[in-house]
Amino acid sequence: MTEIIEGQAPDPTSPADPSAGAVVVPDKPALEGLEATWAERWKADQTYAFDRTQPRENVYSIDTPPPTVSGSLHVGHVFSYTHTDLIARFQRMRGKSVFYPMGWDDNGLPTERRVQNYFGVRCDPSLPYDPDFTPPEKPDAKKQVPISRPNFIALCERLVEQDEEVFESLWRTLGLSVDWKQHYTTIGAKAQTVSQRAFLRNFARGEAYLQEAPTLWDVTFQTAVAQAELEAREYAGAYHRVAFHKPGGGVVHIETTRPELIPSVVALIAHPDDERYQDLFGTTVTSPVFGVEVPVLAHPLAEIDKGSGILMCCTFGDLTDVTWWRELDLPVRTVVGRDGRFTRETPPWLSSEAASTAYAELAGKTTFSSREAMVALLRESGDLDGEPKPTQRMANFFEKGDKPLEIVATRQWYIRNGGRSPELRSELLGEGAQITWLPGHMKHRFDNWVSGLNGDWLISRQRFFGIPFPVWYPLDAEGEPDYDHPLLPSEAELPVDPSTDAPRGYDESQRNQPGGFLGDPDVMDTWATSSLTPHIAGGWGEDDDLFERVFPMDLCTQAHDIIRTWLFSRVVRAHYENGQVPWSHAMLSGWILDPDRKKMSKSKGNVVVPTEILDKYGADAVRWRAALARPGLDSPFDETQMKVGRRLAMKVLNASKFVLGNVGGTSLDPVRVSAPVDCALLARLAGVVTRATEAMEAYDYSTALEVTEKFFWEFCDDYLELVKERAYAEDGGEPTESAKATLTIALEMQLRLLAPFLPFVTEEVWSWWRPGSIHRSSWPLATELGSAAAANPATVDAVATVLRGVRGAKSKAKVSMRARLSEVRVTGPQELLDRVELARADLIAVGKIDELVLVAGGDELQVDADLADTDAG
RNA sequence: GGGCGUGUAGCUCAGCGGUAGAGCCCCUCGCUUACAACGAGGUGGUCGGGGGUUCGAUCCCCUCCGCGCCCA
């Protein structure tokens with residue numbers, strides 16, 4: 001008996017060994033329990049271990065999205081991760097050493113909130129690290145204990161570990177062929193070091209910079225928000241028609257949805273072509289209530305046909321205000337603070353008695369309350385024309401927030417992403433063109449996003465749970481920070497946390513002291529970390545030998561909604577760090593929609609929990625359904641489809657039981673295949689192998705499954721039925737041996753074709769008589785079949801047509817398939833009749849036909865049958 | 001408003017220049033020694049509407065309509 005060493009594919013072209021060991025076929029094969037059995041075995045055997053001794057050309061490496069561990073997974077995730085696994089398994093069977101790591105995204109807001117609630121703590125970066133800290137025994141969400149950032153991160157890691165176990169178990173049940181030894185997290189020391197090192201290099205090369213500028217600000221989360229995190233939503237508001245006063249008397253009306261910002265007005269603006277305001281351009285007007293003098297200016301972004309055509313620019317009400325501020329060189333007049341409330345102190349430009357009295361009505365209020373107060377003031381002064389008219393306006397929201405974003409001037413870290421540089425934009429578009437997009441049209445989304453960028457990538461967040469910036473600022477004698485000369489660690493010192501570590505040359509006692517230092521309190525945005533997943537997973541800077549074997553990667557897979565974030569940001573970082581794209585292929589999966597074609601989301605309550613569906617139908621069935629969803633196409637979730645996948649898995653078990661158990665097929669030697677119809681079947685199979693292989697090579701897993709599955713059902717329904725009698729014959733000699741060998745060869749090859757899709761059931765059957773794991777065996781080649789497949793596959797069709805005709809006749813006569821037929825007449829062109837003749841004996845036996853007559857005539861095969869008398873009626 | 005995609009049997013989807021396909025659903029029959037949580041057979045469509053190119057269009061071009069996503 002031949003032992004096959006793991007990792008070494010059996011050589012199917014060698015003469016089949018009849019001694020391939022005992023065939024053990026269960027009496028009643030079942031799908032239940034296969035996931036548990038094989039997931040455990042694969043883990044123990046390290047079936048999917050990455051062989052890092054292989055050179056780059058023998059490696060296939062994959063960058064797959066690290067799931068947010070504090071979130072929950074739904075069927076959509078299960079589908080798209082399956083798509084990745086189909087490719088991974090195919091490449092592994094093609095002989096590649098597959099680098100398929102799994103990461104956990106435990107960085108960012110969702111985890112932060114979960115830790116706060118779970119442990120009853122909150123992060124206060126100003127506190128020192130307490131090595132002996134233990135969280136409160138009875139967490140009280142209302143009395144959260146303040147702790148240092150390192151303590152907070154330690155708790156996050158503790159919690160995340162539990163989440164990760166649940167996730168890993170789900171992925172193992174689903175059969176993802178991940179190498180679990182390669183796993184990483186986005187908050188761990190490795191990710192911190194990589195993120196900080198990349199940041200230091202970006203800074204050294206001038207790609208990262210610190211700037212005080214108007215920033216989109218979420219008042220709920222108290223943090224800056226990047227362009228990629230915006231979501232435009234309809235927001236109920238009202239147009240207020242408000243009078244500004246001309247110097248010589250008379251008024252000009254503007255319409256605004258945000259009258260509360262009148263105290264911060266810096267100009268009125270109309271379109272340069274707007275006839276109505278030509279006389280006003282270059283003059284000044286005074287604001288109602290506050291009496292502040294502002295210029296009337298012209299700018300093409302003002303829309304002539306919207307409202308009165310003229311509007312007020314406040315710094316800052318929206319992003320257009322930022323453009324005007326920049327392009328028209330306007331002053332900054334900030335009234336809304338970071339907490340979303342109007343500043344308590346009266347701003348200097350409102351120093352007149354009337355203005356400061358009026359402002360007192362707004363100070364300290366939320367934008368909502370101050371709007372009411374402002375409207376009252378306008379009514380009082382008579383500057384509100386008519387009543388506010390309700391409207392829906394589009395406002396920018398943080399995708400996780402529920403209040404419209406404000407714009408405040410803050411100091412933030414940015415990475416240049418082309419938003420302010422046409423040259424860089426075109427370089428990045430050029431990088432996008434290097435990637436093979438699957439499907440191709442997804443490139444447009446990338447191009448559109450890059451072309452539409454209007455500012456650099458804001459990477460700092462005023463949060464706690466994230467990767468800190470490795471930066472301190474020296475404090476001068478007055479205790480004022482010098483932001484122009486940040487203190488940086490060396491790469492060897494990484495990772496650092498400036499909230500607890502002191503910069504080189506200082507000690508902890510100098511923290512926040514005049515002449516001392518100040519740690520940068522901010523953390524990196526979660527995308528700033530995950531933009532480096534190929535580097536984190538690939539050991540960049542720590543294990544360069546590994547990195548060179550896996551980078552640039554072959555494939556990135558993800559859903560299409562994060563092209564603008566995750567995909568784009570990785571292109572930016574690899575462009576800077578490696579001067580190339582991070583992967584050659586990007587495969588975008590669609591979404592799973594609920595039956596009403598709405599995207600599944602937790603808030604809608606239409607999420608299908610993956611564990612339920614896996615329990616109910618089995619992993620192979622769920623994977624089968626996932627494989628039907630082609631790259632980039634959304635597909636509605638339909639449970640009835642899972643049943644079809646389950647039936648296929650069941651059929652694999654039963655057909656295998658027939659071939660290996662009942663018929664007792666063992667030989668894989670194509671030389672034993674002699675009957676013409678058997679050769680034709682193998683010829684057809686050779687064609688299937690070729691087409692399935694081409695499809696898989698083109699990442700078209702759906703087509704590969706389709707052609708394989710179609711053949712499999714025909715194999716079961718037609719061929720297997722046709723040769724049943726011959727295969728069962730006890731002293732059938734060569735014809736029987738031919739049938740048995742054909743059945744066995746075809747089954748074995750089909751198992752390998754199906755292995756990426758149905759890893760559990762194919763492995764189960766493989767284990768009945770083949771050594772090793774099917775997942776380390778080789779992807780089939782048409783040439784394995786040799787001359788046995790050198791026949792015309794059309795014979796299979798001709799014979800199957802007759803077989804179906806015979807069945808149809810019996811079905812029409814409403815008799816059992818076992819009923820005898822006294823005579824069957826087949827008419828058709830001679831060429832086809834010759835093919836039917838090749839399987840005469842099989843047809844007679846399986847159809848229980850007394851006499852089979854072939855009559856030339858007509859263009860296609862027609863079958864007529866007479867029932868034998870005994871069975872008629 | 002701009003961009004991308006999509007509209008084929010009741011449902012989910014293939015096909016993309018040469019007489020409409022699959023699975024599910026539905027109907028009928030059948031327990032035949034792989035499979036009754038099964039098998040066999042069958043019904044079902046003016047390929048979104050309208051123009052055009054072509055000997056011929058579901059497929060190519062134009063236009064309109066519906067739906068989805070991305071960006072304004």
Side-chain angles (χ1 to χ4, degrees), chain A residues 25-32 227-228 230-232 301 303 305 319-320 394 396 437 439-454 559-564 588 590-591 593 595-599 616-618 621 624-625 628-630 632-665 700 702-703 705-707 709-710 713-718 720-721 724-725 727-728 743 747 765 803-820 846-848 859:
Chain A
V25 182
D27 285 343
K28 200 77 182 156
L31 298 173
E32 280 67 33
Q227 188 186 350
L230 296 188
E231 206 170 88
L301 277 181
E303 293 175 63
D305 50 0
L319 286 173
T320 320
M394 295 305 280
N396 282 316
W437 298 82
H441 66 81
M442 287 298 174
K443 180 174 183 295
H444 296 295
R445 299 227 187 164
F446 177 86
D447 291 349
N448 286 348
W449 175 252
V450 175
S451 306
L453 287 167
N454 56 28
H560 55 66
D561 54 336
I562 51 174
I563 290 176
R564 66 178 185 170
L588 288 307
W591 288 334
L593 310 172
D596 297 330
R597 297 236 169 219
K598 294 278 178 270
K599 189 189 174 189
K616 196 164 168 189
Y617 299 102
W624 175 88
R625 172 63 187 86
L628 288 188
R630 297 179 131 79
L633 290 181
D634 296 345
S635 68
F637 180 77
D638 178 3
E639 226 179 292
T640 64
Q641 304 268 355
M642 306 283 171
K643 293 183 194 162
V644 182
R646 186 176 172 83
R647 180 156 31 170
L648 173 66
M650 221 32 235
K651 195 77 173 176
V652 169
L653 282 182
N654 284 318
S656 303
K657 180 187 165 199
F658 171 76
V659 172
L660 302 171
N662 300 54
V663 169
D700 183 2
S702 299
T703 297
L705 173 60
E706 198 179 299
V707 299
E709 194 185 347
K710 184 168 187 290
W713 284 106
E714 286 170 1
F715 171 75
C716 291
D717 295 346
D718 297 335
L720 199 146
E721 293 296 334
K724 204 175 246 184
E725 301 293 331
Y728 268 138
L743 286 167
L747 174 71
V765 173
L803 189 57
R804 288 199 199 106
V806 169
R807 282 191 208 129
K810 291 181 181 179
S811 187
K812 216 165 262 172
K814 304 194 174 187
V815 297
S816 152
M817 290 297 137
R818 237 181 351 178
R820 290 209 72 80
V846 72
K848 310 216 181 287
D859 312 333

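Defined by atom type and a distance below 3.5 Å, a donor-acceptor pair is missing between the side-chain atoms of A/Trp624 and A/Gln641. Judged purely by distance below 3.5 Å, without hydrogens or angles, the side chains of A/Arg630 and A/Thr703 pair a donor atom with an acceptor atom.
With distances taken from any side-chain atom of A/Met817 to the nucleotides B/C70, B/U12, B/A40, the minimum falls on B/A40. When each of B/C71, B/A40, B/A14 is scored by its nearest atom to the side-chain atoms of A/Arg630, the top-ranked nucleotide is B/A14. Side-chain proximity of A/Asn448 to the nucleotides B/G39, B/G5, B/G3 is greatest for B/G3. The nucleotide whose nearest atom lies closest to any side-chain atom of A/Arg807 is, among B/G41, B/G3, B/C35, B/G41.
On the C1' atoms, B/G21 is 10 Å away from B/A9, given to the nearest whole Å. Taking atom P in both B/G49 and B/U8, the straight-line distance is 10 Å, to the nearest Å. Across B/G17 and B/C47, the matching C1' atoms stand 15 Å from one another, rounded to whole Å. Straight-line distance between the C1' atoms of B/G50 and B/U43: roughly 32 Å, to the nearest whole Å. For the C1' atom pair drawn from B/G23 and B/G15, the interatomic distance equals 15 Å after rounding to whole Å. For the C1' atoms, the distance linking B/C59 with B/A36 amounts to 42 Å, nearest Å. When the C1' atom is used for both B/G44 and B/G10, the distance is 9 Å, rounded to whole Å. Comparing B/G39 with B/U33, their P atoms are spaced 15 Å from each other, to the whole Å.
Within the 4.0 Å cut-off from OP1 or OP2 of B/C4, not a single side-chain nitrogen or oxygen of A/Arg445 is found.
Each of A/Gly808 and A/Lys657 was matched to the nucleotide of RNA chain B holding its nearest heavy atom; the match closer to the 5' end belongs to A/Lys657. Both A/Glu706 and A/His560 sit near RNA chain B, but only A/Glu706 has its closest nucleotide nearer the 5' end.
Under the Watson-Crick and G-U wobble criteria, each requiring two contacts below 3.5 Å, nucleotide B/C11 is paired to B/G23. When Watson-Crick and G-U wobble pairs are counted only if both distances are under 3.5 Å, B/C16 pairs with no nucleotide at all. Base pairing of B/G68: its partner is B/C4, meeting the Watson-Crick or G-U wobble criterion (both donor-acceptor distances under 3.5 Å). A 3.5 Å limit on both hydrogen-bonding distances identifies B/C29 as the Watson-Crick or G-U partner of B/G39. Across all strands shown, B/C47 forms no Watson-Crick or G-U wobble pair with both distances under 3.5 Å.
Of all heavy-atom pairs spanning A/Ala727 and A/Val663, the tightest one is CB-CG1, 3.9 Å. For A/Ala655 against A/Leu720, the heavy-atom pair with the smallest separation is CB-CD1, 4.4 Å. Of all non-hydrogen atoms in A/Glu721 and A/Val846, the two that sit nearest each other are O-CG2, 3.0 Å.
Both tests do not hold together for A/Lys710 against A/Phe715: distance to the six-membered ring centre under 6.0 Å, angle to the ring axis within 45°.
A/His560 and A/Trp591 have their aromatic ring centers within a separation under 6.0 angstrom.
When rounded to the nearest whole Å, the span between NE2 of A/His441 and P of B/C71 equals 16 Å. As rounded to whole Å, 11 Å separates atom P of B/C69 from atom CG of A/Asp561. For the pair A/Asp718 CG and B/U32 P, the interatomic distance rounds to 21 Å; values are reported in whole Å. Between A/Lys651 atom NZ and B/A40 atom C1' the separation is 11 Å, expressed in whole Å. Straight-line distance from the CG atom of A/Asp447 to the P atom of B/C71: 15 Å, rounded to whole Å. Distance A/Lys848 NZ to B/A40 P: 17 Å, rounded to the nearest Å. For the pair A/Asp859 CG and B/U19 P, the interatomic distance rounds to 14 Å; values are reported in whole Å. The interatomic distance linking A/Leu660 (CG) with B/C35 (P) rounds to 15 Å, in whole Å.
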In the 5'-to-3' direction, what one-character label does each nucleotide of nucleotides 22-28 of chain B receive under the scheme B = base within less than 4.0 Å of a protein heavy atom, S = sugar-phosphate only, - = no such atom? -SS---S

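Of the charged side-chain nitrogens involved, at least one lies within less than 4.0 Å of a carboxylate oxygen, so that A/Arg804 and A/Asp718 count as a salt-bridged pair. A salt bridge links A/Glu32 to A/Arg646: one of the charged nitrogens lies within less than 4.0 Å of a carboxylate oxygen.
Counting only distance, with no hydrogens or angles, the side chain of A/Ser811 and the backbone of A/Arg807 share no donor-acceptor pair below 3.5 Å.
Contact annotation for A/Lys810: no contact, since no heavy-atom pair falls under 4.0 Å across all strands. Residue A/Met650 is classed as having no contact, given no heavy-atom separation below 4.0 Å to the nucleic acid. Here A/Glu721 lies in heavy-atom contact (under 4.0 Å) with a base. Across all strands shown, A/Leu720 has heavy atoms under 4.0 Å from base atoms, whether or not it also approaches the sugar-phosphate. Among the protein residues, A/Asp717 comes within range of the sugar-phosphate backbone only, with heavy atoms under 4.0 Å from sugar or phosphate atoms but none that close to a base.
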